[in-house]
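Quick note on labels: first sequence line is chain A, next is B, and so on, each numbered from 1.
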Amino acid sequence: MRYQRPKGTADILPGESERWAYVENVARRVFAKYRFDEIRTPMFESFDVFSRTSGETSDVVTKEMYDFMDKGDRHLSLRPEGTAGVVRAFVENKLYGPDVPKPVKVYYMGPMFRYERPQSGRMREFHQIGVEAFGSNEPAIDVETIAMGMDLLTQLGIENVRLAVNTLGDQETRETFRQALIDYLEPHFDELSEDSKLRLHKNPLRVLDSKDETDQKIVADAPSILDYLTDEAKAHFDQVKALLDALDIDYVVDATMVRGLDYYNHTIFEFMVNNKALGHGYTTICAGGRYNGLVEELGGPDMAGVGFALGVERLLLLMAASNVEFPAAHHLEAYVVGIGEGTDAATLKVVSKLRSQDVVADRDYLNRKPKAQFKTADKFNARYTLTIGQTELENKTINVKDMASGNEVTVPVESVEKDFNAVLETL
RNA sequence: GCGGUAUUGGUGAAGUUUGGUUAACACACCGGAUUGUGGUUCCGGCACGCGUGGGUUCGAGUCCCACAUACCGCCCCA
């Protein structure tokens, strides 16, 4: 127990890693249907990329960043989320240019880092699968993104998903609503929780999201952002809802839903599930929204964007808790047993020849006794056990046994090496 | 960052209340009964050690302190 992994990190071991690969493969398949292509960006970026985009006062930036100075005195940070890096790459590589068809649709999957207190489904190194679509301000792309998220969750076997949507409106909406909210909350200042007192002026929208009971009572009568939307913002949101209806996608409008990152505006959405594996009540497993202005913030043109991200650790917890069936990994078809001196080369060759016929084959590598080898074949659930001993070696034959039926046949070793399936038909 | 609970072999763990010789039991693994055939059974083996470091004591897995890690709640969030 000399060394242990850093706090909040995890080793994904064989068995578990197969589940990860499955989830990633399903995601790739779903995204491909919608013509999203993969983008891979660095795991660390200039600190400013995140601080500029997430908001200087956001919790992610003020206390959760894994930032450091490198040997060249550059202020870097491990990425706490995926969007900022993708936007930076989008701008730096001029994907906004006229020769790249719009919208530009990309997805990513990989580790993210946040310095916080680990808990189940909350790691310091965690993994997200996310998508971004740039260059369209049409509500249709918001809805396509939402539909794709729903499609993905469905493909993964997640049931009873609740889609919550809201809008943060545009700049003007946010300013007028923010003031209205402050005007409403200030008379209740003394009743608010300590956290919310701090949030009132820093980020009043967050008070709406408070879990404190007293806060919630106060917030219940607070003004709704939906009443402060500009005509343009309202039109956008109305069209999003209309298109969701057109696709028969169920949703609830949650006017109190907000975002921890500052770059969001207009449509925001969350996919939530009520599963005790993730805590009490509804928990978000996938969240996203529109972020017009972010491309410009990082030095690009005024270009719209919308995307979502889902947490893989949480997703896997949820899938395990919902008894989602994962496809079985590789089955062992043939286990080759060697008995006695001189069979090493012969068994290795058979294994090799079987593999070249695309048969999943294995043998013993611990020089163990026949009994142990047969036990191993059984434990690995081998469909067939092939045996080479002194007799077979002399006669250039091999014994093939069907483990389920117990049927055996001895055939020339060459026939197995040439066409294993033909031999199986004689069993 | 704050509060709480926990940490004993490869695994699940008993033992901590009442500090006292060999750390229970089970699973897994390895070997044997059966030196070329598995899933059953029986027999045997398997922690110089109780998260790490200090302390109290004649004596600490059991008490005290610090630290580390995990889990739960808060904050926040995927």
Side-chain angles (χ1 to χ4, degrees), chain A residues 1-10 13 54-55 57-65 79-83 109-130 149 193-196 198-199 203 206 209-212 257-261 270-273 276 278-280 283-288 308-318 335-341 343 364 366 368-393 398-408 410:
Chain A
M1 280 302 198
R2 205 52 245 175
Y3 296 103
Q4 52 188 203
R5 61 181 178 266
K7 183 181 184 129
T9 61
L13 304 175
S54 297
T57 60
S58 69
D59 279 32
V60 166
V61 170
T62 55
K63 54 181 205 185
E64 293 173 5
M65 289 274 262
R79 60 184 187 192
E81 56 99 27
T83 301
M109 46 185 71
M112 308 290 162
F113 306 85
R114 287 185 199 174
Y115 192 90
E116 55 181 351
R117 194 69 165 255
Q119 269 174 50
S120 171
R122 285 177 61 165
M123 308 293 282
R124 286 187 172 180
E125 179 185 24
F126 61 106
H127 298 76
Q128 286 188 337
I129 296 176
S193 68
E194 291 307 309
D195 287 320
S196 290
L198 286 171
R199 288 187 285 229
N203 191 348
R206 293 227 61 85
D209 207 31
S210 175
K211 291 189 189 83
D212 184 90
M257 187 165 76
V258 298
R259 271 293 101 95
L261 304 174
E270 296 187 1
F271 293 100
M272 311 178 83
V273 291
K276 49 189 177 303
L278 300 179
H280 304 295
T283 326
T284 302
I285 53 165
C286 178
F308 68 70
L310 70 82
V312 180
E313 281 82 358
R314 286 185 179 187
L315 178 72
L316 286 164
L317 278 176
L318 177 65
Y335 192 84
V336 181
V337 172
I339 298 163
E341 295 295 308
T343 58
D364 172 71
L366 298 173
R368 291 192 297 180
K369 302 218 163 87
K371 165 104 172 169
Q373 294 189 47
F374 288 113
K375 277 181 107 160
T376 302
D378 185 58
K379 191 169 59 191
F380 288 166
N381 244 311
R383 271 191 84 181
Y384 305 99
T385 300
L386 317 199
T387 308
I388 295 179
Q390 296 310 308
T391 326
E392 289 84 357
L393 214 49
I398 188 166
N399 180 277
V400 182
K401 176 174 180 177
D402 181 324
M403 294 296 270
S405 68
N407 295 339
E408 290 181 63
T410 299

Given the [atom1] atoms of [N] and [M], what is the spacing between them in whole Å?
N	M	atom1	value
B:rC77	B:rC30	C1'	47 Å
B:rU11	B:rA78	P	35 Å
B:rG12	B:rC29	P	16 Å
B:rU18	B:rC27	C1'	32 Å
B:rA23	B:rC50	C1'	8 Å
B:rU69	B:rA26	P	36 Å
B:rA68	B:rU22	P	34 Å
B:rG20	B:rG61	P	10 Å

Apply side chain to side chain contact (heavy atoms under 4.5 Å, CB included) to the pair A:Val273 and A:Leu318, showing each step before the final yes or no.
CA-CA 9 Å; A:Val273 291; A:Leu318 177 65; 3.8 Å; yes
Rounded to whole Å, please give me the gap between [atom1] in [X] and [atom2] in [N].
X	N	atom1	atom2	answer
A:Leu366	B:rC29	CG	P	14 Å
A:Leu318	B:rC77	CG	C1'	16 Å
A:Arg124	B:rC77	CZ	P	17 Å
A:Lys7	B:rA70	NZ	C1'	9 Å
A:Arg117	B:rU5	CZ	C1'	12 Å
A:Glu64	B:rC75	CD	P	13 Å
A:Phe271	B:rC77	CZ	P	19 Å

May I ask you to verify whether the side chain of A:Glu116 and the base of B:rA78 hold a donor-acceptor pair under 3.5 Å?
yes
Side chain to side chain contact (heavy atoms under 4.5 Å, CB included), that's the test. Do A:Asp364 and A:Tyr335 meet it? Break it down for me.
CA-CA 8 Å; A:Asp364 172 71; A:Tyr335 192 84; 3.5 Å; yes
Under-4.0 Å side-chain N/O to phosphate OP1/OP2 contact, A:Gln119 with B:rA70:
no
If you find the nucleotide of RNA chain B closest to A:Met123 and the one closest to A:Gly8, which residue's nucleotide is nearer the 5' end?
A:Gly8
Can you work out whether A:Pro6 or A:His127 has the more 5'-proximal nearest nucleotide on RNA chain B?
A:Pro6
If you look at every strand shown and take non-hydrogen atoms under 4.0 Å, does [X] touch a base, only sugar-phosphate, or nothing?
X	answer
A:Arg122	base
A:Leu310	nothing
A:Met112	nothing
A:Gly338	nothing
A:Gly340	nothing

Please determine whether a side-chain nitrogen of the Lys or Arg among A:Glu116 and A:Arg122 lies less than 4.0 Å from a carboxylate oxygen of the Asp or Glu.
yes
For a 4.5 angstrom cut-off between non-hydrogen side-chain atoms, does [X] reach [Y]?
X	Y	answer
A:Phe374	A:Thr385	yes
A:Asp402	A:Arg383	no
A:Arg124	A:Arg114	no

Would you sketch RNA chain B in dot-bracket for me? Only Watson-Crick or G-U wobble pairs with both distances under 3.5 Å count, crossing pairs as [ ], other-strand pairs as |, the rest as dots.
((((((((.[[[..)....(....]]].(((((.......))))).....[[[[[..)....]]]]])))))))....
Could you check whether [Y] and [X], counting side-chain N and O atoms only, form a donor-acceptor pair closer than 3.5 Å?
X	Y	value
A:Thr376	A:Arg368	yes
A:Glu392	A:Asn399	no
A:Glu270	A:Thr284	yes

Syn versus anti for B:rG38, judged by chi lying within 90° of 0?
anti
For B:rG49, decide between syn and anti, treating a glycosidic angle within 90° of 0 as syn.
syn
On the ring face of A:Phe113, is A:Arg79 found with NZ or CZ under 6.0 Å from the centre and within 45° of the axis?
no
Are A:Val312 and A:Phe126 close enough, and set up right, to give a side chain to side chain contact (heavy atoms under 4.5 Å, CB included), and what steps lead you there?
CA-CA 8 Å; A:Val312 180; A:Phe126 61 106; over 6 Å; no
Taking protein heavy atoms under 4.0 Å as touching, what does nucleotides 30-39 of chain B look like 5' to 3' if B marks base contact, S marks sugar-phosphate-only contact and - marks none?
S-S-B-BBBS
